[in-house]
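Before any comments, here is the structure.
Counting starts at 1 for both ligands and their atoms, following the listed order. Computation of the quantities below employed the complete heavy-atom set of this structure, encompassing side-chain atoms and omitting hydrogens, waters and symmetry-equivalent molecules.
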Amino acid sequence: MDYKAYIAEHIAVEGVTKAEVAEAIAVPPDAAMGDYALPCFKFAKLLHKAPNLIAQELAEKYPADGIVSSAEAAGAYLNFRLNRKALAADFFREFALEEEGAGYGSSEEGAGKTVCIDYSSVNIAKPFHIGHLSTTVLGAALYRIFKYLGYNVVGINHLGDYGTQFGKLISAYKKWGVKEEVEKGGIHAINDLYVRFNAEATEEMEAEARENFRLIESGDEEANALFEWFKSLTMRYVGKIYDRLHVTFDSYAGERFYIDKMQPVIDALKNKGLLVESQGAQVVDLEKYGMPPFIVLRSDGASLYATRDLAAAFYRKQTYDFDKCLYVVAYQQNLHFKQLFKVIELMGEAWAKDMVHVAYGMVSLEDGAMSTRKGKVVWLEDVIDRCVEKAKNVLEEKNPALENKSDVAEKVGVGAVIFGALYNNKIKDIVFSYDKALNFDGETSVYVQYTCARCASVLEKVKDLPMGERANAPIGEREFELIRALGGFPDAVKAAAKNYEPSVIARWCVDTAQVFNKFYLDCKIAQAETEDLRALRARLTRATLAALTRGLSLLGIGVPEKM
Ligand code: ARG
């Protein structure tokens, strides 16, 4: 239950909404003061009254009940105490969802609504590099989170599979390529060819590349067969990484898919009088909105990335009738999406307001920032491999007797890479450090995974104990803190969806693991004094394991049974 909202429901402050009151309620740093507190300074100006007077008056009026047992004024604060038994009962009631298999914190709030999510969107024949990490894991996390809340979700990999570079690639392959080597080297071999072309191309070769691109376009069999081959090599390669990151898609409709779907949209722009000529190009003028023109067709008549995105937006609306269409793309493309959404709005489409650019910051490596020099990029696969390798070393050191070390290292290493990209507010630039990401005592996925393993090993010890409801067990401070933390999960999931911010769940995982570990250190579980207490604590341990596992799984991170 959302206790802040519950309390706010019973507080009337003139001119302030219940939601605002709920927002103002906080958890006091010292539990001795209360379980929740409402600072009344905020209302002083509005009510022309001293904050401590306000607190006093509100305290007198507050109707204590079976859930909130008291409301007391202390200076400018109004402190609330919850009935801990009621809270525990309420938590276990909600948590029953988990035992029923639906998933604690899942809901049907999204029933009947569709969310399209465009993420990862790799470029064929180009490196799948660390710059693709965030879009891939953020998008996939949002995908799972929205599904968990009952939405119909469409995951779209908007492949970068159109452009003159494919003409260059064909030229390079014909000049230097060896079939077997390329087959074997896959995306790296293709990329090498492409890089070599850019380094060595003469005028003549450039012309030939343009011709090759034209051949793809005009349906030439050989050129298309080569293109499809390059594409399949790329997809085979990225597919393996997607598997490791637990990322899936419902559609791989990329830029090429929209080539024959642009004309109706261009016609619509024309009919609405939005298309104007500028230096030979066809553009939508956005000067009034403080933006450069949105170029629809180049002076040679060629379409652009933006044109294909415009066609894709209409296609998605028509095909999926989405309630929201998200684009998980780096902030470097802020302007592109602002322009795109504005153009759709100018076309009179009401759904323009449902388009969301979920922008995120840059990821770089602590030991060597991503270089933009030709051919010098940090491949995502190398980062994952290295992290798994390091995870193996750390595990070896911590627990040499551990079984299935490779499997555990894969979960820990991959988890650390994912968590590294999801733990911070998404818009922040991130410097990824292997050592920090693999710190057992840090704000890391390993820490959370380790806490899960700790829960599992406690549960192993109490597996023969009956864990049924024990209404008589006293709820002490540590149990209460844990229940409150666990009880926050449904709200964390909701907030993550609402703000397109999986970091809310990542933080919840770390915070809750910390609370559990305090509980674990201070309270005997298997050896608790009474059977009631043992049952309660065991139940809480089981709930912690299940909830943390849920939290991590929404982020795409697995939990080893032992660590
Ligand atoms: N392939 C593009 C890139 O690497 C990202 C595409 C994002 N999606 C979109 N619909 N524009 O920059």
Side-chain angles (χ1 to χ4, degrees), residues 115-140 142-143 153-166 169 187 190-191 194 227 230-231 234-235 237-239 241-242 247 249-259 261-262 265 294-296 303-320 322 324-344 349 351-352 354-364 370 372 374 377-381 421 426 500:
V115 180
C116 288
I117 312 182
D118 178 322
Y119 57 104
S120 199
S121 300
V122 285
N123 300 317
I124 301 303
K126 290 225 186 116
F128 191 45
H129 57 75
I130 186 156
H132 295 112
L133 172 64
S134 296
T135 171
T136 305
V137 302
L138 258 173
L142 290 173
Y143 184 93
V153 192
V154 187
I156 304 170
N157 197 329
H158 186 76
L159 300 178
D161 56 2
Y162 186 87
T164 48
Q165 73 265 30
F166 298 106
L169 194 54
I187 195 168
I190 311 176
N191 187 241
Y194 182 66
F227 169 76
F230 298 144
K231 177 170 167 182
T234 308
M235 295 317 290
Y237 175 83
V238 295
I241 299 176
Y242 288 150
V247 171
F249 299 92
D250 302 298
S251 162
Y252 288 91
E255 294 187 44
R256 178 169 300 274
F257 179 77
Y258 298 103
I259 296 304
K261 297 171 183 63
M262 295 183 298
V265 184
F294 183 80
I295 307 175
V296 179
S303 68
L304 293 95
Y305 173 65
T307 325
R308 288 164 325 250
D309 249 340
L310 188 60
F314 277 81
Y315 177 85
R316 288 174 193 174
K317 185 63 195 172
Q318 279 150 17
T319 309
Y320 306 113
F322 56 72
K324 287 261 180 256
C325 182
L326 315 183
Y327 295 83
V328 186
V329 183
Y331 62 59
Q332 277 86 347
Q333 294 192 31
N334 275 355
L335 177 62
H336 166 71
F337 286 106
K338 254 177 89 181
Q339 289 178 304
L340 177 67
F341 301 166
K342 187 47 119 186
V343 169
I344 297 171
E349 302 294 342
W351 49 271
D354 304 325
M355 314 289 282
V356 185
H357 175 204
V358 179
Y360 59 82
M362 291 252 298
V363 181
S364 55
M370 183 181 146
T372 50
K374 270 191 201 143
V377 289
V378 179
W379 292 70
L380 180 54
E381 184 188 29
K426 64 182 181 289
Y500 315 115

Seminar exercise, completed: Residues with a heavy atom under 4.0 Å from ligand 1, by chain and number, are D118, S121, N123, H158, Y305, D309, Y327, V329, Q333, F337
For this session: Taking D161 for its side chain and I124 for its backbone only, find out whether a donor-acceptor pair lies under 3.5 Å.
Result: no
Exercise. Do the side chain of H357 and the main chain of K338 share a donor and acceptor less than 3.5 angstrom apart?
Worked result: no
Seminar exercise, completed: With sequence neighbours left out, the residues meeting side-chain contact (heavy atoms from CB on, under 4.5 Å) with K126 are N123, Q165, Y194
For this session: Specify the closest pair of heavy atoms between V137 and A421, including all atoms of both residues, with the distance to one decimal.
Result: CG2-CB, 3.8 Å
Exercise. Excluding sequence neighbours, so at least two apart, what forms side chain to side chain donor-acceptor pair (under 3.5 Å) with R316?
Worked result: D118, H158
Problem set entry | salt bridge (Lys or Arg N to Asp or Glu O under 4.0 Å) partners for K231, two or more places apart | none
